[in-house]
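Have a look at the structure below before the remarks.
Because the structure is predicted, anything quoted here is derived from the model rather than measured. Note on naming: letters A, B, ... go to the chains in the order of the sequence lines (proteins, then strands), and numbering restarts at 1 for each one.
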There are 2 protein chains.
Amino acid sequence: MGKCEQCIIKQFNSLKSLTKDELVRISNCKTSYTIKKGTVIFEEGETLNGVYCVKDGICKLSKLSENGKDQIVKMVVKGQLLGQRSLVSEESSNLQATALNDMEVCFIPKSEIIADLQKNPKFSFDVLQDMAHDLKEADDIIVNMAQKSVKQRLAEALIYIHDNFGVNPDGTLSVLLSREDFANIVGTATESAIRVLSQFKKDGLISTIGKQIKVENLNGLKRIE
Amino acid sequence: MGKCEQCIIKQFNSLKSLTKDELVRISNCKTSYTIKKGTVIFEEGETLNGVYCVKDGICKLSKLSENGKDQIVKMVVKGQLLGQRSLVSEESSNLQATALNDMEVCFIPKSEIIADLQKNPKFSFDVLQDMAHDLKEADDIIVNMAQKSVKQRLAEALIYIHDNFGVNPDGTLSVLLSREDFANIVGTATESAIRVLSQFKKDGLISTIGKQIKVENLNGLKRIE
DNA sequence: AACAAAACATGACAATTATCATATTAAAAA
DNA sequence: TTTTTAATATGATAATTGTCATGTTTTGTT
């Protein structure tokens with residue numbers, strides 16, 4: 001099994017602020033495994049007793065409603081930590097985590113890492129910064145939900161994914177999502193999301209290869225009213 | 001001017017985890033002042049260089065859109081800290097803070113408190129917990145905006161304000177908000193909020209004395225579909 | 001290849017919510 | 001107090017978005 005102290009992934013998250021000794025200790029108690037696409041990593045109401053370091057793949061944090069809708073609140077990709085909040089709070093998770101494609105993760109038990117959060121100020125400050133960033137993003141989403149149309153929100157979702165998760169060599173978005181996923185990010189009905197994407201295609205803002213989406217006119221998307 | 005180390009307000013926020021020495025030092029550099037209702041405390045895009053401890057009153061954190069709408073993301077009341085994120089992040093604020101009634105606050109410069117955040121793990125863990133709580137609340141709002149109707153969201157806003165900010169001796173909500181404020185919390189048009197409140201009144205779920213609102217049937221509000 | 005299942009797509013219509021117009025009432029200012 | 005202004009209220013209508021129906025394409029499986 002790989003060693004945390006040598007793992008490149010840690011550069012992208014708060015774990016980079018741990019000392020070598022701390023990393024060695026964590027490395028010895030972590031569990032490394034693969035998660036198949038569609039697998040529920042943890043459920044709403046579940047009490048997490050650790051944090052996942054995402055080595056590869058992507059997952060969604062979402063909440064199911066009674067009528068079967070599943071609002072996606074955040075996507076966690078390669079390099080990021082999943083379930084950070086469980087380190088800090090005793091409350092159970094209000095969200096469900098589901099793998100959107102095949103993933104490789106390391107699970108670090110809370111008991112092993114909580115002491116570092118108390119003792120290593122650089123680490124805890126890093127986690128704090130991460131949390132502050134997430135909070136700012138969440139606030140922005142609230143404002144968007146209230147003030148922007150489905151069309152605008154979907155355009156922004158495409159831009160966000162394009163800018164933050166990157167593109168394949170052929171220019172298509174590297175994160176492959178279903179139309180239903182897009183609807184659940186934007187907070188609309190699947191049919192509405194499909195309709196808007198069809199319109200974007202007609203307008204030359206995007207093109208599609210199967211279910212892959214390629215952004216053709218980024219500025220055009222930004223100008224959507 | 002009052003002294004932080006003797007201030008009762010600090011019991012309700014992370015400052016309680018500072019040592020007496022730290023509090024004395026902070027007390028000497030804080031600025032204490034009153035803010036009139038309607039005053040903008042800080043604007044969107046502004047870089048905060050400190051944090052406000054709210055001794056009395058209430059303010060809103062919101063964002064204005066081009067069409068004049070002002071989405072309220074969070075309300076900060078007596079006892080809480082305003083602008084915590086500025087301690088952690090160098091980014092400018094994405095939100096505006098406006099006093100909803102007359103306030104008394106203490107402003108603590110970032111330069112004085114940032115060292116404590118690095119050195120006092122108990123304090124930084126407290127801030128971390130606060131931030132985690134805010135994040136959870138923000139996530140819940142996102143989900144509500146996507147999955148619930150205006151009627152449901154307004155009912156929940158009334159319940160939230162009732163449960164978290166309390167009521168006056170006569171039973172009316174202690175936080176006095178305009179119909180427009182309610183609309184801006186829920187993320188709807190002012191007229192829509194007014195209409196729903198009128199309906200709640202007809203249904204006996206609330207009563208009104210002027211613009212004051214009294215919750216008459218809490219369980220009824222919870223059952224709104 | 002043939003079949004089944006899932007995802008995508010689009011039309012028709014319904015429900016929700018926003019916008020505009022216009023009273024009415026309450027609060028603030030002269 | 002009178003006047004002016006702002007907040008609340010409600011109707012009429014329009015715009016947006018959701019829902020249901022149904023067909024097509026894609027994907028996966030035997």
When the distance from CD of Glu191(B) to C1' of dA6(D) is rounded to whole Å, what number comes out? 14 Å
Look at Thr190(A) and dA7(C) and indicate whether a side-chain polar atom (N or O) is within less than 4.0 Å of OP1 or OP2. no
Report the residue from Ile9(B), Ile108(B), Val51(B) that forms a side chain to side chain contact (heavy atoms under 4.5 Å, CB included) with Leu15(B). Ile108(B)
To the nearest Å, how far apart are Arg195(A) CZ and dT17(D) P? 12 Å
Taken to the nearest whole Å, CD/Glu180(B) to P/dT8(D) is 8 Å
Report yes if at least one side-chain N or O of Thr188(A) is closer than 4.0 Å to OP1 or OP2 of dG18(D); otherwise report no. yes
Once you round it to whole Å, what is the distance between P of dA18(C) and CD of Gln147(A)? 12 Å
To the nearest angstrom, the NZ-C1' distance between Lys69(B) and dT19(C) comes to 9 Å
Can you measure Lys37(B) atom NZ to dA6(D) atom P for me and round it to whole angstrom units? 14 Å
Quickly work out the Ile194(A) CD1 to dT17(D) C1' distance and round it to whole Å. 14 Å
May I ask you to verify if any side-chain N or O of Ser192(B) is less than 4.0 angstrom from the OP1 or OP2 atom of dT17(C)? no
Start with the C-alpha distance between Asp181(A) and Lys211(A), add both sets of side-chain angles, then the distance that settles salt bridge (charged side-chain N to carboxylate O under 4.0 Å, His left out), and finish with yes or no. CA-CA 12 Å; Asp181(A) 289 329; Lys211(A) 65 193 289 186; over 6 Å; no
Please pick, from dT17(D), dT17(C), dC8(C), the nucleotide with the shortest atom-to-atom distance to any side-chain atom of Arg179(A). dC8(C)
Quick one: label Lys148(B) by what it contacts on the DNA or RNA (base, sugar-phosphate, nothing), any heavy atom closer than 4.0 Å. nothing
Taking the side chain of Ala189(B) as its heavy atoms from C-beta onward, which of dT10(C), dC8(C), dT19(C) lies nearest to it? dT19(C)
Tyr33(B) vs Tyr52(B) aromatic rings, parallel, tilted or perpendicular, using cut-offs 30° and 60°? perpendicular
Which residue lies more 5' along DNA chain D, comparing Asn67(A) with Ser178(B) via nearest heavy atoms: Ser178(B)
Could you tell me how far apart Gln152(B) (CD) and dT17(C) (C1') are, to the nearest whole angstrom? 14 Å
How is Lys151(B) classified with respect to the nucleic acid when contacts are heavy atoms under 4.0 Å: base, sugar-phosphate, or nothing? nothing
What nucleotide, of dC8(C), dT19(D), dA18(C), holds the atom closest to the side chain of Lys211(A)? dC8(C)
Residue Ser149(A), side-chain atoms from C-beta onward, closest of dT8(D), dC8(C), dT17(D): dT17(D)
Can you tell which of Asp140(B), Asp130(B), Asp134(B) makes a salt bridge (Lys or Arg N to Asp or Glu O under 4.0 Å) with Lys74(B)? Asp134(B)
Pick one: which of Glu90(B), Glu44(B), Glu91(B) meets salt bridge (Lys or Arg N to Asp or Glu O under 4.0 Å) with Lys136(A)? Glu91(B)
